[in-house]
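Everything on this sheet refers to the single structure shown next.
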Amino acid sequence: MSSKQKLVYILPEYQTRVGTHLYHNYEFLEVAKKFFDIFVIVEKGEQPKNLAPAYRMIFRFMPLRVIELFFVLFLLRMRGYRTFWTHYSFFGAIIAPFFGSSY
């Protein structure tokens with residue numbers, strides 16, 4: 001069992017081949033996972049290979065996407081995750097406070 005604090009990090013997009021302003025987050029997560037037990041949720045884009053554990057959302061239709069995110073956060077809450085970083089995630093910022101602390 002890990003003694004690291006558990007953190008769910010919600011990214012709006014993950015693309016390794018695109019040089020967007022979000023790229024610094026990928027490098028940040030690589031370093032932060034040494035100090036935190038991080039679970040990454042990606043709303044759009046690729047499945048992260050180097051940021052395990054991670055979940056890439058399946059649905060694109062907004063109502064289904066909201067329901068999917070709700071259930072993923074619920075399952076993570078049942079696994080002990082109580083802190084959520086909703087980096088630029090509109091739906092994450094609305095839903096995550098139901099399951100713990102949201103930043």
Side-chain angles (χ1 to χ4, degrees):
M1 182 162 167
S2 175
S3 62
K4 298 178 187 177
Q5 181 178 352
K6 293 182 172 215
L7 171 71
V8 176
Y9 197 97
I10 304 173
L11 278 171
E13 184 177 7
Y14 185 88
Q15 297 286 343
T16 55
R17 295 183 190 134
V18 179
T20 66
H21 70 285
L22 294 175
Y23 191 80
H24 70 278
N25 289 315
Y26 312 155
E27 294 170 344
F28 165 75
L29 288 169
E30 282 291 320
V31 174
K33 69 182 181 180
K34 296 175 185 173
F35 304 99
F36 295 94
D37 178 1
I38 299 178
F39 190 100
V40 177
I41 297 175
V42 175
E43 292 182 341
K44 298 181 222 169
E46 305 168 12
Q47 174 70 32
K49 293 179 178 69
N50 58 340
L51 295 178
Y55 176 79
R56 184 181 56 85
M57 294 180 61
I58 298 167
F59 295 106
R60 295 288 155 239
F61 183 58
M62 185 178 45
L64 293 177
R65 207 167 106 193
V66 170
I67 293 168
E68 178 184 16
L69 182 58
F70 183 88
F71 280 108
V72 170
L73 293 179
F74 173 78
L75 292 172
L76 289 170
R77 177 67 170 93
M78 294 299 106
R79 291 177 53 192
Y81 289 89
R82 294 187 170 120
T83 306
F84 304 89
W85 183 270
T86 57
H87 194 85
Y88 302 114
S89 170
F90 179 73
F91 295 121
I94 293 171
I95 298 170
F98 289 104
F99 299 103
S101 301
S102 178
Y103 303 95

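These values consider heavy atoms only, across backbone and side chains, with no hydrogens, waters or symmetry-generated copies. These figures come from a predicted structure and were not determined experimentally.
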Quiz item: Would you say Met78 and Val40 are hydrophobically clustered, going by side-chain heavy atoms of ILVMFWY under 4.5 Å?
Solution: no
Practice problem: Evaluate the criterion side-chain contact (heavy atoms from CB on, under 4.5 Å) for residue pair Glu13 and Tyr88; output intermediate values, then yes/no. | Solution: CA-CA 9 Å; Glu13 184 177 7; Tyr88 302 114; over 6 Å; no
Quiz item: Going by the angle between their ring planes, with limits at 30° and 60°, are Tyr103 and Trp85 parallel, tilted or perpendicular?
Solution: parallel
Quiz item: Under 3.5 Å, is there a donor-acceptor pair between the side chain of Lys6 and the main chain of Leu76?
Solution: no
Practice problem: Examine the side chains of Glu68 and Tyr55 and answer whether a donor and an acceptor come within less than 3.5 Å of each other. | Solution: yes
Practice problem: State which residues pass salt bridge (charged side-chain N to carboxylate O under 4.0 Å, His left out) with Arg77; sequence neighbours excluded, sorted by chain then number. | Solution: none
Quiz item: So do Val8 and Val72 actually touch side chain to side chain, heavy atoms under 4.5 Å?
Solution: no
Quiz item: Can you tell if the side chain of Ile41 reaches within under 4.5 Å of the side chain of Leu73, non-hydrogen atoms only?
Solution: yes
Quiz item: Crowded around Met62 CE? As in, over 12 foreign heavy atoms under 6.0 Å?
Solution: no
Self-check item: Least distance between heavy atoms, Ile10 atom then Gly92 atom
Solution: CD1-CA, 4.0 Å
Quiz item: Is the ring centre of Phe99 less than 6.0 Å from the ring centre of Phe70?
Solution: yes
Quiz prompt | Distance-minimising heavy-atom pair for Lys4 and Lys33 | solution = NZ-O, 3.1 Å
Quiz prompt | Nearest heavy atoms of Val42 and Tyr14, plus distance in Å | solution = CG1-CB, 3.6 Å
Quiz item: Taking all non-hydrogen atoms of both residues, which atom of Arg60 and which atom of Glu43 are closest, and how far apart?
Solution: NH1-O, 2.8 Å
Quiz prompt | Minimum heavy-atom distance Gly100-Phe84, with the two atoms named | solution = N-CE1, 3.8 Å
Exercise. Look at the side-chain heavy atoms of Ile, Leu, Val, Met, Phe, Trp and Tyr, link any pair under 4.5 Å apart, and say whether Leu75 and Ile94 land in one connected group.
Key: yes
Quiz prompt | Linked, directly or transitively: Leu11 and Met57 (ILVMFWY side chains, under 4.5 Å) | solution = no
Quiz item: For Thr83, what residues pass the side chain to side chain donor-acceptor pair (under 3.5 Å) criterion, not counting sequence neighbours?
Solution: Gln5
Quiz prompt | With Leu64 via side chain to side chain contact (heavy atoms under 4.5 Å, CB included) - residues at least two apart | solution = Phe59, Phe61
Exercise. Provide the closest heavy-atom pair for Ala54 versus Gln47 in the form atom of the first, atom of the second, distance.
Key: O-NE2, 3.2 Å
